[in-house]
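The next block holds one structure in the form of structure tokens; read it before the comments.
Only heavy atoms go into these numbers, but all of them, side chains included; no hydrogens, no water, no symmetry mates.
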Amino acid sequence: NTATVEHVEIYHRKGSHRNYERRPGAWTKLNVHDIAIPVQGHGLVDQEYTPLPPNSFDPIIVTPGEVHSFYIALTTSSNLVYSVGNSNAIDGESIVAQNSDLAVMQGVGKRQLFAGTFKHCRWNGVVEYEQVRL
């Protein structure tokens, strides 16, 4: 693996991503960071992931039953690591990983920022979270 610096834009919206993949006004930009990511081939390798550094954006409060969508975009390359998802599943409804606190759903990939949608994509990453009492 080699490391390269990527320009990352992170977007969030409360609710599903479905029908909002090409609507930048429906998303809130959370932060922008330059990070070093491992690149192997074209970056599309199962069982690897694109790491985001701790504190890449301010915490998002998710209450039980809410749906939140995240859009992570590399603006300098197409090296974001993802896997091909289940083509029989409905994007935004098929669970990729879950525990008793949250579920991560299958989504879509993008060729360019808010353009060129690829269906049935699984984000290769790790969700770090903590439970808080409000």
Side-chain angles (χ1 to χ4, degrees):
N1 286 352
T2 60
T4 185
V5 174
E6 299 288 0
H7 191 71
V8 179
E9 293 184 5
I10 305 168
Y11 297 84
H12 167 260
R13 69 171 267 102
K14 188 174 178 179
S16 174
H17 73 280
R18 291 177 66 198
N19 301 316
Y20 294 97
E21 297 95 338
R22 293 179 173 229
R23 297 176 55 193
W27 298 81
T28 301
K29 190 173 185 180
L30 297 178
N31 214 340
V32 177
H33 284 273
D34 286 328
I35 60 172
I37 65 168
V39 176
Q40 181 176 352
H42 294 290
L44 308 177
V45 181
D46 273 347
Q47 307 307 311
E48 292 206 27
Y49 62 95
T50 301
L52 295 176
N55 304 314
S56 291
F57 54 88
D58 290 334
I60 302 292
I61 304 292
V62 179
T63 58
E66 285 184 339
V67 172
H68 288 253
S69 298
F70 294 87
Y71 181 175
I72 302 167
L74 303 183
T75 59
T76 52
S77 79
S78 60
N79 291 320
L80 187 69
V81 180
Y82 69 92
S83 297
V84 175
N86 180 347
S87 63
N88 295 319
I90 299 173
D91 292 333
E93 294 182 15
S94 176
I95 296 172
V96 172
Q98 68 178 339
N99 64 18
S100 61
D101 298 322
L102 60 89
V104 176
M105 314 303 268
Q106 175 174 290
V108 299
K110 305 296 289 177
R111 179 178 307 232
Q112 298 173 351
L113 197 58
F114 294 103
T117 302
F118 297 103
K119 294 184 177 192
H120 315 304
C121 295
R122 295 176 49 187
W123 173 64
N124 292 16
V126 176
V127 177
E128 293 185 15
Y129 70 96
E130 65 180 89
Q131 292 182 331
V132 295
R133 290 188 183 258
L134 299 176

4.5 Å side-chain heavy-atom contact, Tyr20 and Tyr11: no
Least distance between heavy atoms, Ile60 atom then His68 atom: CG2-ND1, 3.8 Å
Val62 vs Leu102 side-chain heavy atoms within contact, under 4.5 Å: no
Distance (rounded to the nearest 0.5 Å) between Phe57 CZ and Ile72 CD1: 7.0 Å
Glu9 and Tyr71: CA distance, side-chain angles, deciding distance, side-chain contact (heavy atoms from CB on, under 4.5 Å) verdict: CA-CA 8 Å; Glu9 293 184 5; Tyr71 181 175; over 6 Å; no
Residue pair His17 / Gln106: nearest heavy atoms and the distance that separates them: CE1-O, 4.2 Å
Charged N-O contact under 4.0 Å between Lys110 and Glu21: no
Option passing side-chain contact (heavy atoms from CB on, under 4.5 Å) with Val104 (candidates Asn99, Ile95, Val127): Val127
Pairwise distance CD(Gln98) to CE(Met105) - rounded to 0.5 angstrom: 8.5 Å
Heavy-atom closest contact (Ser16 atom, Ser69 atom, distance): C-OG, 3.2 Å
Gln131 and Asp101: side chain donor to acceptor below 3.5 Å: yes
Parallel, tilted or perpendicular: ring planes of His12 versus Phe70, cut at 30 and 60 degrees: tilted
Closest contact, heavy atoms only, Arg22 versus Pro24: O-CD, 3.3 Å
For Cys121 against Gly109, the heavy-atom pair lying closest together: SG-N, 3.4 Å
Value rounded to 0.5 Å, distance of CD1 in Ile10 from OG1 in Thr28: 13.0 Å
Shared hydrophobic cluster, Phe118 / Val96 (ILVMFWY, side-chain heavy atoms < 4.5 Å): no
In one Ile/Leu/Val/Met/Phe/Trp/Tyr side-chain cluster, 4.5 Å: Leu30, Val8: yes
